[in-house]
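The structure appears below as structure tokens.
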Amino acid sequence: MHVLVVHDYGPLGKVLLERLRETHLRISPLLISDPANVDLHALDNWIPEDTALIINALWLADPEKAEKNREATHEAAFSLPLALAEHARERKMALLQLSSCYVFDGRKQGAYIASNPGQPVNELGRWQWECEQALRTQLPRHIILRTGWSLARFIGKVQQSTAQGGLSLPGRCQGQPVAVKDLARVIVAVALQIDCGAEVWGTYQYAGAEEINLYELGLAIAGMPGIPEGIKVVDEVPDWGHIEPVNTTMVCTKIRNTFGIKQMPWRTWLSEEVAMLKESNSAERVPANS
């Protein structure tokens, strides 16, 4: 099976391509460095004709960035995926599209199941929910994979707080982080099942095992090797707290029952995720001519 991986410069694309190339699948990468300014009419030239599965690995999991650049979010979270879906439908291809827990408003008392409708409270969730609905209508052969919080996003917040004198994280917000390497593991497992002929289209959810609130997550990250000592994490609502749903916990049994993919504890990946981000940040600081 020929798989096209649409990715950016973020860590998920790199890790996912590495893992997919370890399988028997034939892999083609499609780097989109600026998803907000893509010529959607050029997809015919970019997507090989014999592609069977398109994996859109542009993982949008930071609602703060989305609020700051709403037009770019619309393009990356809605316009591009729909263009990929239209291309896939016309050529009988399948599409795996990432979504997130931000499609929910957080008012539910328990964990969300895959069939719960979205009621987003921020810009990222709004366009991801619109995208989900459109895919269900336009492309029967689709997999929508909702993810939990990006673990890397909050590791980054803790690392950056060393220059800010402290970090406010809201203990009222409950959810489940997911690491880049764990998400890549899940996507590869889904792709291999599709290659085996599994007709299991629909919406699935995945996040790391163990619910936690953002304040306690910050404390867990701050205590890791590779994180500077003395970081102060405070249980307070930061200025971005109003766009963070109070509850984003998700039930992930459907993906286990369908694909045999078990939840792994996000703590299993924590040290690797810290090291990966540290290495990535170091690489970004190295001059291009060095």
Side-chain angles (χ1 to χ4, degrees), residues 1-21 25-91 93-100 102 123-132 134-135 138-139 141-147 150 152-153 156 178 180-181 183-184 186-188 190-191 194 276-277 280-281 283-284 288:
M1 182 174 74
H2 193 178
V3 179
L4 178 76
V5 178
V6 181
H7 67 102
D8 56 14
Y9 288 114
L12 177 61
K14 179 176 181 289
V15 173
L16 179 59
L17 285 167
E18 288 173 353
R19 291 202 62 146
L20 282 168
R21 284 172 175 144
L25 300 173
R26 188 153 62 94
I27 309 301
S28 294
L30 175 57
L31 173 64
I32 296 183
S33 57
D34 185 5
N37 293 291
V38 176
D39 181 4
L40 300 178
H41 301 291
L43 290 177
D44 287 353
N45 303 325
W46 299 340
I47 301 177
E49 291 182 5
D50 64 343
T51 299
L53 171 65
I54 301 171
I55 297 176
N56 184 5
L58 300 177
W59 188 25
L60 306 175
D62 188 340
E64 292 175 81
K65 286 184 179 179
E67 296 293 323
K68 291 173 183 175
N69 198 336
R70 298 190 170 204
E71 184 57 37
T73 300
H74 170 257
E75 293 298 317
F78 183 77
S79 299
L80 176 58
L82 257 63
L84 292 172
E86 184 177 345
H87 185 95
R89 185 188 72 240
E90 292 172 352
R91 291 158 182 81
M93 300 173 183
L95 173 66
L96 190 156
Q97 172 65 36
L98 296 176
S99 186
S100 80
Y102 290 109
E123 194 73 7
L124 176 60
R126 190 170 299 121
W127 286 118
Q128 288 180 329
W129 176 240
E130 291 290 334
C131 176
E132 284 192 20
L135 285 184
Q138 293 186 19
L139 183 64
R141 301 181 77 240
H142 71 264
I143 297 283
I144 295 168
L145 180 57
R146 293 184 189 140
T147 71
S150 163
R153 175 188 171 210
V178 60
V180 167
K181 288 188 176 181
L183 180 55
V186 171
I187 294 172
V188 170
V190 171
I194 292 173
M276 180 187 71
L277 287 176
S280 175
N281 292 338
E284 288 175 4

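Computed from a predicted model, the values in this text were never measured in an experiment.
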Checklist entry - Between Ile27 and His2, does a side chain to side chain contact (heavy atoms under 4.5 Å, CB included) hold up when you go through it step by step? => result CA-CA 6 Å; Ile27 309 301; His2 193 178; over 6 Å; no
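- Side chains of Tyr102 and Thr147 form no contact here, defined as non-hydrogen atoms less than 4.5 Å apart.
- A heavy-atom distance below 4.5 Å is found between the side chains of Met93 and Ile47.
- From Asp34, atom CG reaches atom CD of Glu75 across 10.0 Å, with rounding to the nearest 0.5 Å.
- In this structure, the separation between CD1 on Ile143 and CG on Leu95 is 9.5 Å, given to the nearest 0.5 Å.
- Residues Leu4 and Leu53 form no side-chain contact, since every pair of their non-hydrogen atoms from C-beta on lies 4.5 Å or further apart.
- Residues Val186 and Leu145 have side chains in contact (heavy-atom distance under 4.5 Å, counting atoms from C-beta outward).
- Closest heavy-atom contact between Asp62 and Glu64: OD1-N, 3.0 Å.
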Checklist entry - Between Leu58 and Leu98, does a side chain to side chain contact (heavy atoms under 4.5 Å, CB included) hold up when you go through it step by step? => result CA-CA 7 Å; Leu58 300 177; Leu98 296 176; over 6 Å; no
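- Within the 4.5 Å cutoff, side-chain heavy atoms of Ser79 are placed close to those of Leu40.
- Summarising the geometry of Phe78 relative to Ala134, their closest heavy-atom pair is CE1-CB, 4.4 Å, with the distance given to 0.1 Å.
- Considering only heavy atoms from C-beta on, Cys131 comes within 4.5 Å of Leu82 through its side chain.
- For Thr73 (side chain) and Asn69 (main-chain N/O), a donor-acceptor pair under 3.5 Å exists by modelled atom type.
- When all heavy atoms are compared, the tightest approach of Asp39 to Trp46 is O-CH2, 3.6 Å.
- Ring geometry, His74 versus Trp127: the interplanar angle exceeds 60°, so the pair is classed perpendicular (tilted spans 30 to 60°).
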Next on the checklist: Run Leu43 and His41 through side chain to side chain contact (heavy atoms under 4.5 Å, CB included) and show every step you take.
Outcome noted: CA-CA 6 Å; Leu43 290 177; His41 301 291; over 6 Å; no
Under 3.5 Å, sequence neighbours excluded: what are the donor-acceptor pairs made by side chains of residues 12-19?
residue	atom	partner	partner atom	Å
Lys14	NZ	Glu18	OE2	3.1

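- The two atoms that bring Leu277 and Gly156 nearest to each other are CD1-N, 4.4 Å, heavy atoms only.
- To the nearest 0.5 Å, the span separating CD on Glu132 from NE2 on His142 amounts to 8.5 Å.
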Next on the checklist: Please determine whether side chain to side chain contact (heavy atoms under 4.5 Å, CB included) holds for the pair Leu135 and Gln97, giving the CA-CA distance in whole Å, both sets of side-chain angles, and the decisive distance to 0.1 Å.
Outcome noted: CA-CA 9 Å; Leu135 285 184; Gln97 172 65 36; 3.6 Å; yes
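- Between Arg141 and Ala52 the shortest heavy-atom distance is NH1-O, 4.5 Å.
- Not a single donor-acceptor pair under 3.5 Å links the side chain of Gln128 to the backbone N or O of Arg146.
- In terms of heavy atoms, Pro81 sits closest to Ala76 at CD-O, 3.3 Å.
- One finds a salt bridge joining Arg91 and Asp44 here, because a Lys/Arg side-chain nitrogen approaches an Asp/Glu carboxylate oxygen to under 4.0 Å.
- Counting non-hydrogen atoms of neighbouring residues, nucleotides and ligands closer than 6.0 angstrom, the CD atom of Glu49 reaches no more than 12 such neighbours.
- Rounding to the nearest 0.5 angstrom, the gap separating the CZ atom in Arg21 from the CZ atom in Arg26 is 13.0 Å.
- Side-chain atoms of Trp129 and Leu124, non-hydrogen and from C-beta on, never get closer than 4.5 Å to each other.
- Residues Ile54 and Leu96 fail the side-chain proximity criterion, which asks for heavy atoms closer than 4.5 Å.
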